[in-house]
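Worksheet: one structure, shown below.
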Amino acid sequence: MNMTIRPLTPTERDFTYSQQQEIMEQAGCIGYLRADMGSSGKGFFSTWNDYRRDLKTQTFKTEFDSVINSLRFDAAYDGILKDRFALSRYCYTHPDTSYGNNREYGIRVDTEQYAYFMRLNPNKGEYNLYCYCYEREWIDEILETV
């Protein structure tokens with residue numbers, strides 16, 4: 001699977017939070033994953049929330065699992081989501097991903113069909129990841145009009 005990673009733009013950062021239902025549907029938001037790495041920092045406890053079940057195809061589910069697992073276990077992607085230490089290292093060595101505070105950092109992971117907008121938080125005791133999943137063409141169209 002071919003995927004690219006880059007910092008989120010300020011406008012894209014807004015889409016790492018839930019928007020009005022109509023906007024999320026028009027943007028092709030399939031749903032989002034929320035995860036924390038537990039008190040040890042080495043876990044990965046996640047919850048999925050649907051937006052558009054009609055877009056949650058088997059193709060999407062297979063690719064999404066591959067994206068998350070690549071960011072957790074593949075050295076080619078710096079193991080960004082391997083554990084809280086790796087997440088912290090990534091955030092603090094990529095200041096261009098910062099939302100302007102020490103709590104939130106954002107990356108966009110693109111594949112051919114999907115865009116994954118990830119809000120990262122390296123702090124213990126908080127959710128460490130929110131990953132909003134979009135149909136890539138749909139979110140790009142919405143971003144052109146914002």
Side-chain angles (χ1 to χ4, degrees), residues 1-37 41 44-74 76-146:
M1 171 185 55
N2 186 21
M3 64 183 198
T4 59
I5 301 172
R6 66 164 176 79
L8 289 168
T9 66
T11 302
E12 289 171 334
R13 291 176 191 159
D14 292 340
F15 288 88
T16 64
Y17 294 93
S18 294
Q19 304 290 317
Q20 292 177 348
Q21 183 72 22
E22 183 180 344
I23 292 171
M24 297 304 275
E25 288 179 7
Q26 290 174 353
C29 184
I30 300 160
Y32 70 94
L33 180 83
R34 178 179 70 182
D36 72 80
M37 295 171 177
F44 195 84
F45 307 99
S46 63
T47 307
W48 173 263
N49 295 282
D50 285 321
Y51 267 104
R52 299 265 320 250
R53 287 185 182 167
D54 59 312
L55 299 177
K56 194 168 85 174
T57 64
Q58 188 58 49
T59 300
F60 164 75
K61 290 189 279 188
T62 300
E63 181 181 286
F64 181 60
D65 285 346
S66 181
V67 167
I68 294 298
N69 286 329
S70 293
L71 294 175
R72 290 184 69 201
F73 305 117
D74 190 334
Y77 300 106
D78 294 328
I80 297 168
L81 300 177
K82 176 182 177 187
D83 55 32
R84 195 169 28 256
F85 175 76
L87 176 64
S88 297
R89 184 180 61 241
Y90 182 84
C91 292
Y92 299 140
T93 59
H94 292 83
D96 54 341
T97 65
S98 176
Y99 283 31
N101 57 50
N102 67 346
R103 293 186 61 243
E104 299 170 302
Y105 300 81
I107 59 173
R108 177 174 172 161
V109 178
D110 282 329
T111 64
E112 187 175 333
Q113 186 174 351
Y114 302 104
Y116 304 95
F117 287 27
M118 298 187 183
R119 180 167 31 110
L120 311 171
N121 180 337
N123 296 300
K124 181 178 180 179
E126 300 184 45
Y127 288 108
N128 303 119
L129 168 68
Y130 284 86
C131 178
Y132 282 78
C133 307
Y134 296 94
E135 286 280 346
R136 186 173 170 186
E137 286 183 21
W138 296 23
I139 188 65
D140 286 343
E141 285 180 24
I142 291 290
L143 290 169
E144 287 178 13
T145 64
V146 182

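These values consider heavy atoms only, across backbone and side chains, with no hydrogens, waters or symmetry-generated copies.
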At their closest point, which heavy atom of Gly41 faces which heavy atom of Asp83, and how far apart are they? O-CB, 3.1 Å
Looking at Gln20, I want to see if its CD is surrounded by more than 12 non-hydrogen atoms of other residues, nucleotides or ligands under 6.0 Å. no
Using the six-membered ring wherever Trp is involved, compare the ring planes of Phe15 and Phe117 and label them parallel, tilted or perpendicular (cut-offs 30° and 60°). perpendicular
Gap separating the CD atom of Gln21 from the CZ atom of Arg52, nearest 0.5 angstrom: 9.5 Å
Rounded distance [0.5 Å steps], CZ in Arg89 versus CG in Asp78: 7.0 Å
State the CD1-SG distance between Ile139 and Cys29, to the nearest 0.5 angstrom. 8.0 Å
Assess whether atom CD of Gln58 is packed by more than 12 heavy atoms of other residues, nucleotides or ligands within 6.0 Å. yes
Quick one: sort the Tyr132 and Tyr32 rings into parallel, tilted or perpendicular, breaks at 30° and 60°. parallel
When you look at Leu8 and Ile107, which way does the side-chain contact (heavy atoms from CB on, under 4.5 Å) test go after all the steps? CA-CA 5 Å; Leu8 289 168; Ile107 59 173; 5.5 Å; no
Do Thr97 and Tyr90 pair up side chain to side chain, a donor and an acceptor below 3.5 Å, judged on atom types alone? no
Counting only heavy atoms not in Phe85, do more than 12 sit closer than 6.0 Å to its CZ atom? no
When rounded to the nearest 0.5 angstrom, what is the spacing between CD1 in Ile5 and NE2 in His94? 9.0 Å
Flag side-chain contact, heavy atom, 4.5 Å: Thr4 against Val109: no
The test is side-chain contact (heavy atoms from CB on, under 4.5 Å); show your working for Thr57 and Ile30 and say whether it passes. CA-CA 9 Å; Thr57 64; Ile30 300 160; over 6 Å; no
Consider side chain to side chain contact (heavy atoms under 4.5 Å, CB included). Of Leu71, Thr16, Leu33, which one does Met118 pass it with? Leu71
A quick test of your reading: do over 12 heavy atoms of other residues, nucleotides or ligands sit less than 6.0 Å from NZ of Lys124? no
What heavy-atom pair brings Trp138 and Ala27 nearest, and what distance separates the two atoms? CB-O, 3.4 Å
Which atoms form the tightest heavy-atom contact between Ala86 and Gly79, and what is the distance? CB-O, 3.3 Å
After noting the C-alpha distance and the side-chain angles of Ile142 and Tyr134, does the key distance pass the side-chain contact (heavy atoms from CB on, under 4.5 Å) rule? CA-CA 11 Å; Ile142 291 290; Tyr134 296 94; over 6 Å; no
Backbone of Thr111 reached by a side-chain donor or acceptor of Arg136 within 3.5 Å: yes
Given the ring of Tyr99, does Arg119 sit roughly above its face, with NZ or CZ under 6.0 Å from the centre of the six-membered ring and within 45° of the axis? no
Sub-4.5 Å side-chain heavy-atom contact between Tyr130 and Tyr17: no
Taking the side chain as C-beta and beyond, is there a heavy-atom pair between Asn128 and Leu120 under 4.5 Å? no
One should read off an interatomic distance between Asn49 CG and Ser18 OG, to the nearest 0.5 angstrom, of 8.0 Å
Quick one about Tyr116 and Glu63 (side-chain donor to acceptor, distance below 3.5 Å, no hydrogens or angles considered), yes or no? yes
Report the C-alpha distance between Met37 and Leu81 in whole Å, list the side-chain angles of each, state the deciding distance to 0.1 Å, and finish with yes or no for side-chain contact (heavy atoms from CB on, under 4.5 Å). CA-CA 9 Å; Met37 295 171 177; Leu81 300 177; 4.3 Å; yes
Over all heavy atoms of both residues, which pair between Ser98 and Tyr105 is shortest? Give the atoms and the distance, please. CA-CD2, 3.5 Å
Listed by chain and number, what are the side-chain contact (heavy atoms from CB on, under 4.5 Å) partners of Glu126, not counting sequence neighbours? Arg103, Asn121, Asn123
If you measure from CG on Asn69 to CZ on Phe64, what distance do you get to the nearest 0.5 Å? 9.5 Å
Heavy-atom pair with the smallest gap, counting every atom of Leu87 and Pro122: CD2-CA, 3.9 Å
